[in-house]
Student: 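Once you've had a glance at the structure underneath, I'll fire off some questions.
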Amino acid sequence: MTLSTPPGGDSGTGRLLWRGAEADIVADEWQGLEAVFKIRRRLEYRLSVLDDAIRLQRTVHEAQMIHAAREAGIPVPGLYYVDPGEATIVMERVAGQRVKDFVGRASPDDLGSLFHRIGADVAGMHAANITHGDLTTANMIRREGRVVYVDFGLSTHSTRVEDRAVDLRLAKETVLGAHSERSDAALKALTEGYESEAGAQCARAVMAQLRSIERRGRYARVV
Amino acid sequence: MKQYVVGIESTAHTFSASVVTSSGDILSNSKNVYSPPEGSGIHPLAAAQSHMKAAGQVLERSFSEAGVDASEVAAVAYSMGPGLGPCLRVGAVAARTLASLLQAPLVPVNHAVGHIELGCLVTRAEDPVVLLVSGGHTMVIAHSGTRWRVLGETLDLTLGQLLDQFGRHAGLSSPCGRNVEKAASESSTYLRLPYSVKGNDVSFSGLLTMAKGMLDSGRKFSDVCYSIQETAFAMVSEVCDRALAFTGKREVLVVGGVAANRRLGQMLEVMASRHSARALLTPTEYSGDCGAQIAWTGSLAYACGASVAVSEAGVRQSWRLDTVDTPWRR
C-alpha cells in the first residue's frame with residue numbers, strides 16, 4: 001500500500017531540516033508526536049529504473065536495521081511509520097546537537113569521553129552483528145550525555161571482521177578528513193572505547209583488519 | 001619578471017612536458033602517448049621505452065611552443081609518483097639531466113595533487129570537492145588543514161580500469177573510455193548491474209565481472225557499455241553528492257582521464273544543482289595526464305621553497321596524495 005500522506009501527519013507542510021545526499025529530513029508532527037520524515041527523493045542523475053529499486057530497497061532495509069539496533073540496546077530514533085512506496089520513514093525527532101558541530105568547540109576532556117562513548121557504542125552494534133556503514137560525525141547526535149545514531153541507510157547484518165573494520169575505517173576517515181586538527185586524541189579515544197566494549201581479543205582482530213585494509217588503499221606505502 | 005617552470009610527466013602511458021609561468025599561464029603542453037596493442041593493457045617496460053624515444057622531442061617541442069629558451073627556466077618539476085616504476089624513472093632521468101644541465105632546482109610533484117591543482121587553475125575552482133577519476137585513481141577529495149584529504153575512494157578497481165578492462169575484454173585497445181562512451185551513447189537499454197557504495201567508498205570488481213559475463217552470454221556491447229556507465233557513474237556521483245552534503249562546499253571539480261566522459265559530466269551537473277553547487281569539468285586537454293599538471297604544481301611548490309637534490313630525486317611508485325603538504329594553500 002502506498003500513501004502519499006501518512007496517517008496522522010502531513011509531510012507536505014513540514015520544515016526541511018536537512019537535505020542529505022540521498023534523502024530529505026523533514027520535521028513534522030505525526031499523530032501528535034514530534035517526528036522527522038526521512039524521504040528518499042528521486043535522484044535525477046540516476047536512471048529511474050535503477051533509482052526506484054535502490055530507494056525502495058534502502059528504505060525497507062533501513063527501517064529493519066533501526067529496529068534491530070534498538071533491540072540491541074543502541075540509542076537510535078524510535079520508528080513510527082514506514083511507507084516503502086514513497087520511500088519514506090517516519091521516526092522520532094532526536095533533539096540534540098550533531099557530533100560534527102560539537103567537535104570543533106569541545107574541550108579535550110569532552111572530546112575524549114565523547115569518542116570513547118562512540119567507540120563503545122560501535123562495538124555494541126558490532127556485537128549485535130550490525131555494521132552501521134556510514135559512521136560519519138554528521139550521523140551522530142548528542143542527547144543527554146549519550147550519542148544517538150541516525151541514518152542506517154547503508155547498514156548491514158554482518159559477522160565479518162572485515163565489515164566491522166570498514167565501519168571503523170569510515171569513522172576514522174571522517175575524523176581525519178573533517179576534523180584533522182583534533183584527530184589524534186579523538187582517534188585514540190575511539191579505539192579505547194571500542195576495546196572497552198568489544199574486549200581486547202575481538203578489538204585486536206578488528207584493528208589488525210583495519211590496518212590491513214589501509215594497506216590495500218591505492219598507493220599506500222607498500223612498494 | 002616572469003618566472004618559468006618546466007614540468008615533466010611520465011607516470012603511465014603519457015610522456016609530456018609543459019612550460020608555465022608563475023602566474024599560471026600555460027605556454028605549452030606537448031605530449032606523446034604510448035598505445036598498447038589491441039586487447040592488452042599498458043606494459044610498463046614497453047611504455048617506458050616509448051617514453052625514452054619520445055623524451056627529447058617532447059621536451060624540445062614544449063620549449064619551442066612556449067617560445068622560451070631552456071636557459072630561462074627557474075625550476076624543473078617532475079612527477080615523482082605514484083605510477084609505474086619504469087615509466088616514472090624515464091621522467092626522473094629526464095628531469096635530473098635537465099636540472100643538472102641548467103643548474104636549476106628540481107621540484108618533485110605528486111601526480112594526483114598535480115591533477116587537482118591544474119583542474120583548479122583552469123576551471124578557477126576555489127575550494128572544491130574533487131572527483132579524481134582515471135586509470136590510476138578513483139577518489140573523492142577535499143582540502144582540509146594542510147593537505148588534500150581523501151573522503152572516499154575505490155576499494156578495488158579504478159573507474160578507468162573498469163572501462164579499460166571491460167573494453168579490452170571486448171577486444172578494444174587501451175585506453176577504452178572513448179569507445180565505451182561512444183557505444184553507450186547508441187543504447188538506452190539498461191541491464192541491472194551491481195551498485196556498490198559502501199559508506200563513501202565504491203567497489204567496481206563485481207560490476208566488471210558481471211558486465212564481462214553479460215557480453216560473453218551474447219548481450220549487445222552497446223547495451224552493456226550503457227549499463228556500466230549508468231551504474232558506475234551514478235555510484236561516483238552519489239559519493240560526490242554525499243561529500244557536498246557533508247562538507248557544505250559549493251563546487252565539485254572533476255579531474256583525471258575519465259573527466260573527458262560527457263555522460264559523467266552531465267550526471268555531476270545534475271547532482272551539483274541539487275546543492276546549488278557548480279560542477280566544474282576540466283577540459284580534456286588538461287584533465288588527462290599532462291606536463292602542465294606537473295609544471296603548475298611544481299611552480300606552486302617552488303614558490304613555497306620546495307626542491308630536492310639531484311641525488312635524492314628518485315621515484316615513488318606508492319605515494320598517496322593525502323601525505324603531501326600543500327603550503328601554497330594557506
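Here is the naming used below: chain letters follow the sequence lines, and residue numbers restart at 1 for every chain. Fair warning: this is a prediction, and the values are worked out from it, not measured in the lab.
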Student: Using a strict threshold of under 4.0 Å (side-chain N to carboxylate O), is an ion pair present between A:E44 and B:R274?
Tutor: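 Looking at A:E44 together with B:R274, the answer is no, because their closest N to O distance does not fall below 4.0 Å.
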Student: Determine which residues belonging to residues 227-243 of chain B lie within contact range of chain A, meaning some heavy atom pair is under 4.5 Å apart, and list them by number or answer 'none'.
Tutor: B:E230, B:T231, B:A234, B:S237, B:E238, B:D241, B:R242
Student: Tell me if the CZ atom of B:R329 is crowded by more than 12 foreign heavy atoms within 6.0 Å.
Tutor: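 Yes, CZ of B:R329 has more than 12 neighbouring heavy atoms, counting only those of other groups under 6.0 Å.
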Student: Between B:H137 and B:H111, how do the two ring planes meet: parallel, tilted or perpendicular, split at 30° and 60°?
Tutor: parallel
Student: Is A:L135 in contact with chain B via its backbone, its side chain, both, or neither, using a 4.5 Å heavy-atom distance?
Tutor: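 Neither; nothing under 4.5 Å.
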Student: Report the distance from atom CD1 of A:I39 to atom CD1 of A:I89, rounding to the nearest 0.5 Å.
Tutor: 11.0 Å
Student: Between A:R169, A:H132, A:R46, who has the most heavy-atom pairs with chain B when the cutoff is under 4.5 Å?
Tutor: A:R46
Student: Which of residues 255-267 of chain B have a heavy atom under 4.5 Å from any heavy atom of chain A?
Tutor: B:R263, B:M267
Student: Could you verify whether a donor N or O on one side chain and an acceptor N or O on the other, from B:D289 and B:T14, lie under 3.5 Å apart?
Tutor: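 Not at all, the side chains of B:D289 and B:T14 share no donor-acceptor pair under 3.5 Å.
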Student: Relative to chain B, which segment of A:R58 carries a heavy atom at a distance below 4.5 Å: side chain, backbone, both, or neither?
Tutor: side chain
Student: Are A:K100 and B:F246 in a cation-pi contact, defined as NZ or CZ under 6.0 Å from the six-membered ring centre and within 45° of the axis?
Tutor: yes
Student: Quick one: pull up OG1 in A:T131 and CE in A:M125 and give me the separation to the nearest 0.5 Å.
Tutor: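 Nearest 0.5 Å value for the OG1-CE distance: 9.5 Å.
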Student: Could you tell me which portion of B:D201 (side chain, backbone, both or neither) has an atom closer than 4.5 angstrom to a non-hydrogen atom of chain A?
Tutor: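 It is the side chain, since no backbone atom gets that close.
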Student: Using only non-hydrogen atoms and a strict under-4.5 angstrom cutoff, which residues of residues 63-77 of chain A touch chain B?
Tutor: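 The residues closer than 4.5 Å to chain B amount to none at all.
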Student: Would you mind telling me which of A:L47, A:V166, A:D167 has the largest number of heavy-atom pairs within less than 4.5 Å of chain B?
Tutor: A:L47
Student: Please answer whether the main-chain N or O of A:S155 pairs with a side-chain N or O of A:H61 as donor and acceptor at a distance below 3.5 Å.
Tutor: yes
Student: Under a plain distance cut-off of 3.5 Å, with no hydrogens placed, do B:H143 and B:T326 share a side-chain donor-acceptor pair?
Tutor: yes
Student: Could you pull out all residues at least two apart from A:T159 that satisfy side chain to side chain contact (heavy atoms under 4.5 Å, CB included)?
Tutor: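 A:T159 satisfies side chain to side chain contact (heavy atoms under 4.5 Å, CB included) with A:N129, A:R164 only.
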Student: State whether the side chain of A:S212 and the backbone N or O of A:A208 hold a donor-acceptor pair below 3.5 Å, judged by distance alone.
Tutor: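 Judged by distance alone, no pair lies under 3.5 Å.
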Student: Examine distances only and state if a side-chain atom of B:S10 and a backbone atom of B:C87 form a donor-acceptor pair shorter than 3.5 Å.
Tutor: yes
Student: So, does A:D134 use its side chain to make a donor-acceptor pair with the main chain of A:L154 at under 3.5 Å?
Tutor: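 Pair absent, no side-chain N/O of A:D134 close to backbone of A:L154.
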Student: Counting only heavy atoms from other residues, nucleotides and ligands, does the tally under 6.0 Å from CZ of A:R98 exceed 12?
Tutor: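 Yes, enclosed.
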